[in-house]
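Below you'll find the structure, written out as structure tokens, and then a few comments.
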2 protein chains.
Amino acid sequence: MKESGRKQGALSPCAACKLLRRRCAHDCVFAPYFPADEPQKFASVHKVFGASNVNKMLQELPEHQRSDAVSSIVYEANARVRDPVYGCVGAISSLQQQIDSLQTQLAIAQAEVVHMRMQQYGSSSNPGTVDMVVDQANVGESLWSC
Amino acid sequence: MKESGRKQGALSPCAACKLLRRRCAHDCVFAPYFPADEPQKFASVHKVFGASNVNKMLQELPEHQRSDAVSSIVYEANARVRDPVYGCVGAISSLQQQIDSLQTQLAIAQAEVVHMRMQQYGSSSNPGTVDMVVDQANVGESLWSC
């Protein structure tokens, strides 16, 4: 994605400079990440964070981290535009609820496995012959000595 | 929390107006949520979103939703200050990984339950008589024909 903002030539301003109505300098910090053909991408970021703040945030990062930072900033901005009250914190809350639910289901399934193992042991050791009882007793020892 | 910014009297500016060095009007949109005794709370929000953007975001919401909006904005701002590259999108990514892991563990546990049920049934119907052998054959068919 980097440098894609320059695809249309050096004279074409990036989406950020177009929106801000300013000259897009050759070292514009936005240009590599906000190409002119994706105006909405910068519009959300500008509305939520403000161009000046995003400029500062990007300038404070080394270049190799800026692309990831822009992706997360765009994600956050879009989430806030969609949900002005909770933004992407709404997604965090929903994911945490999913985790709680999965942990409960997992605990139930694991408890069932333990219960069935005990049941299986109990039912398979029903004495049919004296030999079977002795065998089962040995198996029981190895199971519980783990 | 609402109106807590006014606890120290009408003349004491809220944390936002203090940082912005402006008069804190009686209808200041920040005052109910950014009390003077929690300056860091507004500082992070101002650094990440900018006072002007947060002002607009709050003005666009009905009053009963502003407290939740401020909580989520403060959460996002603090996450971005802690992790300037991923912000709270880092938390989303981590929660999604946890969900993937829990779903895998749950599938394994549930498969084990199914496997043990089949085993349990098989072992409990170990042929002692000819009748039992016939039963097994019938059950086998009904299980595998699903």
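Each chain gets a letter, A, B and so on, in the order its sequence line appears, and its residues count up from 1. Values in this document were obtained by computation on a predicted structure and should not be read as measured data.
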Can you list, pair by pair, the side-chain donor-acceptor contacts under 3.5 Å of residues 97-106 of chain A, counting residues two or more places apart and other chains?
unit_1	atom_1	unit_2	atom_2	d
A:S101	OG	A:Q105	NE2	3.2
A:T104	OG1	A:D100	O	2.9

>> Test of understanding: clusters of I, L, V, M, F, W, Y form through side-chain heavy atoms closer than 4.5 Å, transitively. Do B:V48 and A:V89 belong to the same one?
In response: no
> Out of B:R117, B:K56, B:R66, which one racks up the most heavy-atom pairs below 4.5 Å with chain A?
Replying inline: B:R117
> Relative to chain B, which segment of A:Y86 carries a heavy atom at a distance below 4.5 Å: side chain, backbone, both, or neither?
Replying inline: both
> Under a 4.5 Å heavy-atom cut-off, does chain B meet the side chain of A:L58, its backbone, both or neither?
Replying inline: neither
>> I'd like to check the ring-ring contact (aromatic ring centres under 6.0 Å, His included) partners of B:F42; sequence neighbours left out, ordered by chain and number.
In response: B:F30, B:F34, B:H46
> Can you hop from A:L19 to A:V29 via hydrophobic side chains spaced under 4.5 Å?
Replying inline: yes
> Any ion pair linking B:K47 and A:E60 (charged N to carboxylate O, less than 4.0 Å)?
Replying inline: yes
> Any link between B:Y75 and B:F49 through a network of hydrophobic side chains (Ile, Leu, Val, Met, Phe, Trp, Tyr) touching at under 4.5 Å?
Replying inline: no
>> Taking every non-hydrogen pair under 4.5 Å, which of A:V54, A:I73, A:L95 racks up the most with chain B?
In response: A:L95
> What part of A:R80 is in contact with chain B, defined as an atom under 4.5 angstrom from a non-hydrogen atom: side chain, backbone, both or neither?
Replying inline: side chain
> Can you find a pair of side-chain heavy atoms, one from A:C88 and one from B:I92, that are under 4.5 Å apart?
Replying inline: yes
> Which heavy-atom pair separates B:A109 from A:A109 by the least distance, and what is that distance?
Replying inline: CB-CB, 3.8 Å
> Does B:D68 reach the main-chain N or O of A:V85 with its side chain, forming a donor-acceptor pair under 3.5 Å?
Replying inline: no
>> Counting only non-hydrogen atoms closer than 4.5 Å, does A:M116 touch chain B with its backbone (N, CA, C, O), its side chain (CB onward), both, or neither?
In response: both
>> Tell me which of these, B:Q65, B:E112, B:M57, B:Q110, has more heavy-atom pairs under 4.5 Å with chain A than the rest.
In response: B:E112
